[in-house]
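Take a look at the structure below.
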Amino acid sequence: MQAQAAELIDDRCESCHNDYIFDGNWSVEDIDVSDIAHGKNLKRWESILKSVSMGDMPPAEKKPLTGEQKAALLHWLKDSLDSYSESHPNPGRAEKT
Ligand code: HEC
């Protein structure tokens with residue numbers, strides 16, 4: 001699932017989101033699918049989740065993701081973000097025992 005997501009992002013997002021063009025002020029070079037498990041770049045991954053689920057990305061002039069590709073990417077993203085936040089409850093709200 002993670003490998004599939006990485007491949008999809010490289011294949012379909014990298015043409016605009018790279019270090020040279022830097023559309024939307026981000027590059028696929030700065031993120032890695034292993035980030036989420038380490039709590040890295042969570043804001044970026046959340047914005048990816050949002051833009052793909054809204055159908056904003058890839059842009060309308062580009063070939064859209066198939067339903068299957070989109071579902072797989074969103075499923076993996078949601079699962080990863082959820083499991084990270086479950087195992088890392090809000091800092092600063094640690095329960096006193
Ligand atoms: C044809 C070029 C192009 C491709 C391909 C593309 N994007 Fe974008 N993307 C843009 C541009 C331009 C912007 C900035 C303007 C905007 O937000 O519409 C952007 C903005 C974004 C943002 C930032 C939105 C925000 O609110 O900060 C995200 C996240 C994003 N793209 C994700 C993706 C993902 C994921 C893919 C691949 C599935 C993708 N993009 C493919 C051109 C592209």
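Just so it is clear, the values below take in all heavy atoms, side chains as well, and ignore hydrogens, waters and symmetry mates. Whatever order the structure lists them in is the order used to number ligands and atoms, beginning at 1.
With a 4.0 Å cut-off on non-hydrogen atoms, Ser51 touches ligand 1 through its side chain and not its backbone. Contacts between His17 and ligand 1, counted as non-hydrogen atom pairs separated by less than 4.0 Å, involve the side chain only. With a heavy-atom cut-off of 4.0 Å, Pro59 touches ligand 1 through its side chain alone. Of all the heavy atoms of Val52, the ones lying under 4.0 Å from any atom of ligand 1 belong exclusively to the side chain.
By the 4.5 Å heavy-atom criterion applied to side chains, Leu81 and Leu42 are counted as neighbours. Here the side chains of Ile48 and Ile31 are in contact, with some heavy-atom distance below 4.5 Å. Contact of the Pro64 side chain with the Lys70 side chain is not registered, since no non-hydrogen atoms from C-beta on lie closer than 4.5 Å. Using a 4.5 Å cut-off on side-chain heavy atoms (C-beta onward), Ile36 and Leu77 make contact. In this structure, the side chains of Leu49 and Trp76 stay at 4.5 Å or more apart for every pair of heavy atoms. Looking at heavy atoms from C-beta onward, Val33 lies in side-chain contact with Trp45 at the 4.5 angstrom threshold.
If you check which protein heavy atom lies closest to atom 2 (C) of ligand 1, you get Cys16 SG, 1.8 Å. Regarding atom 13 (C) of ligand 1, its nearest protein heavy-atom neighbour is Gly24 N, 3.7 Å. If you check which protein heavy atom lies closest to atom 11 (C) of ligand 1, you get Asp23 CB, 3.6 Å. Nearest protein heavy-atom contact of atom 10 (C) of ligand 1 is Met57 CE, 3.5 Å. From the protein, the heavy atom lying nearest to atom 22 (C) of ligand 1 is Trp26 NE1, 3.5 Å. The protein non-hydrogen atom at the shortest distance from atom 29 (C) of ligand 1 is Ser47 OG, 3.3 Å.
By the 30° and 60° cut-offs, the orientation of the rings of Trp26 relative to His17 is parallel.
Heavy-atom proximity to Ser15, at under 4.0 Å, picks out these atoms of ligand 1: 5 (C). Within the listing of ligand 1, atoms 29 (C), 35 (C) sit less than 4.0 angstrom from a heavy atom of Ile48. Which parts of ligand 1 touch Arg12 is read off a 4.0 Å heavy-atom cut-off, strictly below it: atoms 5 (C), 37 (C), 41 (C). Which parts of ligand 1 touch Lys62 is read off a 4.0 Å heavy-atom cut-off, strictly below it: atoms 1 (C).
Side-chain N/O atoms of Ser27 and Asn18 include no donor and acceptor closer than 3.5 Å.
Taking a distance limit of 4.0 Å, we find that atom 24 (C) of ligand 1 is approached by no protein heavy atom. Counting only heavy atoms, the protein gets under 4.0 Å from atom 40 (N) of ligand 1. In this structure, atom 27 (O) of ligand 1 has its sub-4.0 angstrom surroundings free of protein heavy atoms. Less than 4.0 angstrom separates atom 15 (C) of ligand 1 from none of the non-hydrogen atoms of the protein.
Scanning Cys13, Ala5, Pro58 for the heavy atom closest to atom 36 (C) of ligand 1 points to Cys13.
Taking all atoms of both residues into account, the shortest heavy-atom contact from Arg44 to Asn25 is NH2-O, 3.5 Å. Arg12 approaches Lys63 most closely through the heavy-atom pair NH2-O, 2.6 Å. Across all their heavy atoms, Leu73 and Ala5 have their closest contact at CD1-CB, 3.8 Å. Shown here for Pro58 and Leu65, the closest heavy-atom pair between the two residues is CD-CG, 3.8 Å.
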